[in-house]
Amino acid sequence: MATKRSVGSLKEADLKGKRVFVRVDLNVPLDDNFNITDDTRIRAAVPTIKYLIGYGAKVILSSHLGRPKGVTPKFSLKPLVPRLSELLGVEVKMANDCIGEEVEKLVAEIPEGGVLLLENVRFYKEEEKNDPEFAKKLASLADLYVNDAFGTAHRPHASTEGVAKYLKPSVAGFLMQKELDYLVGAVANPKKPFAAIVGGSKVSSKIGVIESLLEKVNLLILGGGMIFTFYKAQGHAVGSSLVEEDKLSLATSLMEKAKAKGVSLLLPSDVVIADKFAADANSKVVPASGIPDGWMGLDIGPETIKSFGEALDTTKTVIWNGPMGVFEFEKFATGTDAIAKKLAELSGKGVTTIIGGGDSVAAVEKVGLADKMSHISTGGGASLELLEGKPLPGVLALNDA
Ligand SMILES: Nc1ncnc2c1ncn2[C@@H]1O[C@H](COP(=O)(O)OP(=O)(O)O)[C@@H](O)[C@H]1O
Ligand SMILES: O=C(OP(=O)(O)O)[C@H](O)COP(=O)(O)O
């Protein structure tokens, strides 16, 4: 594994009265009324924050939410404050920004054991550009840096990577360390047959991962929004389904590579299509090769659920990232629910089952099966990149132990 497993530890840092910049991944799903639909990532961030509070640190929390382009109120972190306060047992203060004079004033007012949540760091385009000046501004707020945002560790951004250059020590939080300990161990020497299930909607960032996965897995199952780029590459009509036009030739070469390597690459044979992207859309099941104009694929079909289940029955390790369909709409949750149930069943038979990603974990939580899985990871893309053997920039930037 190229990524570091052991990084400077939080326990070694001298904390009392210190301002600690803690990057967490609080990118949780919210419904239209800004209710948190799955708080896994908030709960996962709690042990590190509580530890810092307990040692009298002044905690500055930083996170992104979604993928805003500039300041976008619907991506504010404000709706998270009540749940965060409740879980931490302290009243979390919220800043309206993540840098600047107002924030500096609020930081100066944090008491020992107090917590200030900064506003969405992606409201600044400099965050994703890893702009050094922006990273310096973030760093100037604190004395030391803790990165506990495993879910964002594959992004070389200012708050996940750049800031570590200007704050020493910079160490991993407990969640980061726990994820690395489990995932590096589980995927370095997986019990075989080893399967990966990849779905969801982040096609462009995950389709590239597939190439490396073909080197590692015996079985690769594709679902979710990922599949239509492959269908289109095969010459099928995909209606108005999610497609990445510039990835068509990559999809073709991935299918050829799977064949050449003897990796079984499974695409759904049938899909549930909808006449609009809505919970109350009209829907029907069609063969994957027959999506009519004006319709979009929003779930895998019943024949596919059966064949995917049979293929998974042969495995010893399964890693799953990305829902099989738009599970937020009950009508299109069947495929995702079925895969969750299948993995829970396999866990019971001794198969190692790893679920990664904000929405994938939310989907498994929704059907009450999270505690049946071997490992619930707060990172989807991050766990896949770790599996590829890629170094995670957010981990590499930290001080050595
Ligand atoms: N066929 C599809 N078309 C459009 N979106 C889809 C489709 N299938 C799944 N999705 C969406 O993918 C999203 C999750 O994708 P992603 O962020 O990649 O997963 P994760 O957060 O688990 O890493 C969900 O919001 C789900 O509605
Ligand atoms: O939700 C996340 O990743 P995931 O969907 O791969 O689990 C992380 O918060 C990273 O978000 P990003 O993919 O917008 O950089």
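In what follows, every heavy atom counts, from backbone to side chain, and hydrogens, waters and symmetry copies are set aside. On a predicted model such as this, the values are computed, not experimentally measured, just so you know. Atoms within each ligand, like the ligands themselves, are counted from 1 in listed order.
- Of the protein's non-hydrogen atoms, Glu328 OE2, 3.3 Å is the one closest to atom 24 (C) of ligand 1.
- For Asp270, the side chain to side chain contact (heavy atoms under 4.5 Å, CB included) partners at least two apart in sequence or on another chain are Val285, Pro302, Glu303, Thr304.
- Under a 4.0 Å criterion applied to the non-hydrogen atoms of Gly358, ligand 2 contributes the atoms 7 (O).
- Looking at Pro323, Ser377, Gly380, it is Pro323 that brings a heavy atom closest to atom 19 (O) of ligand 1.
- The option with the heavy atom closest to atom 3 (N) of ligand 1, from among Gly297, Pro268, Ser241, is Gly297.
- Residue contact check for ligand 2: Arg122 places a non-hydrogen atom closer than 4.0 Å to it.
- Remark: ligand 2 atoms within the under-4.0 Å shell around heavy atoms of Gly381 are 4 (P), 6 (O).
- Residues Asn218 and Lys192 bring no donor and acceptor atom of their side chains to less than 3.5 Å of each other.
- Between the side chains of Lys191 and Thr352, a donor-acceptor pair is found at a separation under 3.5 Å.
- Side-chain atoms of Ser377 and Glu179 include a donor-acceptor pair closer than 3.5 Å.
- Each of the atoms 12 (P), 13 (O), 14 (O) of ligand 2 lies under 4.0 Å from some heavy atom of Arg67.
- Judged by the shortest distance from any of its heavy atoms, His64 lies inside the 4.0 Å radius around the atoms of ligand 2.
- Of the listed options Lys202, Glu385, His154, Glu128, Lys202 places a heavy atom closest to atom 12 (P) of ligand 2.
- Within the listing of ligand 1, atoms 1 (N) sit less than 4.0 angstrom from a heavy atom of Phe228.
- At a 4.0 Å heavy-atom cut-off, ligand 2 touches Arg41 through the side chain alone.
- Comparing Ser377, Gly151, Pro68 against atom 10 (C) of ligand 2, the shortest heavy-atom distance belongs to Gly151.
- Taking atom 6 (C) of ligand 1 as the reference point, the nearest protein heavy-atom neighbour is Val326 CG2, 3.5 Å.
- Close contacts between ligand 1 and Ser360 involve ligand atoms 20 (P), 22 (O) [criterion: under 4.0 Å to a heavy atom].
- Applying the 4.0 Å criterion to heavy atoms of Gly357 picks out, from ligand 2, the atoms 7 (O).
- When only non-hydrogen protein atoms are considered, atom 13 (C) of ligand 1 lies nearest to Ser201 OG, 3.4 Å.
- For ligand 2, the atoms closer than 4.0 angstrom to any heavy atom of Arg155 are 12 (P), 13 (O), 15 (O).
- Residues Glu128 and His64 bring no donor and acceptor atom of their side chains to less than 3.5 Å of each other.
- Shortest contact from atom 9 (C) of ligand 1 to any protein heavy atom: Gly325 O, 3.2 Å.
- Judged as a ring-ring contact (aromatic ring centres under 6.0 Å, His included), the pairs with a partner in residues 262-313 (not counting sequence neighbours) are, in order, Phe277-Phe329.
- Between Glu256 and Lys259 there is no salt bridge, since none of the side-chain N atoms of the basic residue sits less than 4.0 Å from a carboxylate O of the acidic one.
- Every atom of ligand 2 is numbered from 1 in the order shown, and the set under 4.0 Å from a heavy atom of Asn27 is 1 (O), 2 (C), 8 (C), 9 (O), 11 (O).
- Nearest to atom 21 (O) of ligand 1 among the protein's heavy atoms is Asp359 N, 2.9 Å.
- Using a 4.0 Å cut-off to heavy atoms of Lys206, the atoms of ligand 2 that qualify are 6 (O).
- Using a 3.5 Å distance cut-off with no hydrogens or angles, the side chains of Glu102 and Asn96 do not pair a donor with an acceptor.
- Residue Ile227 does not touch ligand 1, judged by heavy-atom distances below 4.0 Å.
- Atoms of ligand 2 lying under 4.0 Å from at least one heavy atom of Asp25, given by number and element, are 8 (C), 9 (O).
- Near Lys206, with a cut-off below 4.0 Å to any heavy atom, the atoms of ligand 1 are 16 (P), 18 (O), 19 (O), 20 (P), 23 (O).
- By the 30° and 60° cut-offs, the orientation of the rings of Phe174 relative to Tyr51 is perpendicular.
- Numbered from 1 in the order shown, with element, the atoms of ligand 1 that lie under 4.0 Å from a heavy atom of Gly225 read 1 (N), 2 (C), 7 (C), 8 (N).
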